[in-house]
Chemist: 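Quick one: this structure, given as structure tokens, is what I'll be asking you about.
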Amino acid sequence: MSENDKKLRELFKQLPTEGPSMGFDDRLMRKIAKLADAKERKKKASRVIFIAVGIIGGLASLTGLIWFLFNYYGIELNISKPSWATLEFELPKIEFPSMLVILAIAVLLLLSADMLIRRHRFSKREKEKHANLL
């Protein structure tokens, strides 16, 4: 060991070994509370963003599905250009195979059930984490 290390070691031995200052616990708890609040706000913001992206993605996929079906089956909307006085248009008769409709409904129901199950499991896991911290 060098001489400087020995001097430093002696100086540290001479330092008083008192406990933390009187307000240390309060300050520490306030800092922890601030960090916990910031983390919770960040979680909420990310959850809102996730929900918004999910809604936008769902609407985009629904629009894409409708567009695909109209193009695949050659369905055209015969909408005349509206004049300022009247709005006239005719909707064509649309016939979809029942199996396709049943399949689309089944996929929608399965995705909805999956979302609900995941949300329930996530909230259950969060409650267990919170209970373990206490």
Chemist: Do Leu59 and Val107 belong to the same hydrophobic cluster, where Ile, Leu, Val, Met, Phe, Trp and Tyr are linked whenever their side-chain heavy atoms lie under 4.5 Å apart, directly or via other members?
Modeler: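 As far as the 4.5 Å side-chain criterion goes, Val107 and Leu59 are not connected within one cluster.
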Chemist: Would you say that Leu110 contacts Asp114 through its side chain, given a criterion of any heavy-atom pair below 4.5 Å between the two side chains?
Modeler: no
Chemist: Between atom CZ of Arg47 and atom CZ of Phe122, what is the distance when rounded to the nearest 0.5 Å?
Modeler: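 Between atom CZ of Arg47 and atom CZ of Phe122 there are 5.5 Å.
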Chemist: Does Phe68 belong to the same Ile/Leu/Val/Met/Phe/Trp/Tyr cluster as Leu103, with side-chain heavy atoms less than 4.5 Å apart forming each link?
Modeler: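 Shared cluster, no.
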Chemist: Out of curiosity, does Leu111 fall in the hydrophobic cluster containing Leu108 (side-chain heavy atoms, cut-off under 4.5 Å, transitive links)?
Modeler: no
Chemist: Yes or no on side-chain contact (heavy atoms from CB on, under 4.5 Å) for Ile55 and Ile51, after CA distance, side-chain angles and deciding distance?
Modeler: CA-CA 6 Å; Ile55 290 172; Ile51 290 171; 3.9 Å; yes
Chemist: Would a hydrophobic clustering, with Ile, Leu, Val, Met, Phe, Trp and Tyr connected at side-chain separations under 4.5 Å, put Leu116 with Leu109?
Modeler: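 Unlinked, Leu116 and Leu109 end up in two clusters.
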Chemist: Does one hydrophobic cluster hold both Val101 and Leu65, with members joined at side-chain heavy-atom distances below 4.5 Å?
Modeler: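 Yes; Leu65 is reachable from Val101 via cluster members.
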Chemist: With a 4.0 Å cut-off, would you call Glu128 and Lys124 a salt bridge?
Modeler: no
Chemist: Going through the checks in order, is the side-chain contact (heavy atoms from CB on, under 4.5 Å) test met by Asp37 and Arg41?
Modeler: CA-CA 6 Å; Asp37 288 343; Arg41 277 186 268 127; 4.1 Å; yes
Chemist: Give, for atom CG of Leu100 and atom OH of Tyr73, the distance between the pair rounded to the nearest 0.5 Å.
Modeler: 5.0 Å
Chemist: Please name the residue in the list Glu3, Glu10, Arg9 that meets the side chain to side chain contact (heavy atoms under 4.5 Å, CB included) test with Lys7.
Modeler: Glu3
Chemist: Any chance you could lay out the side-chain contact (heavy atoms from CB on, under 4.5 Å) test for Trp67 and Asn71, step after step, and finish with the verdict?
Modeler: CA-CA 6 Å; Trp67 177 81; Asn71 282 337; 2.7 Å; yes
Chemist: What is the distance from atom CG of Leu35 to atom NZ of Lys31, rounded to the nearest 0.5 Å?
Modeler: 9.0 Å
Chemist: Before accepting this row, confirm whether a basic side-chain N of the pair Arg121/Glu126 lies closer than 4.0 Å to the acidic partner's carboxylate O.
Modeler: no
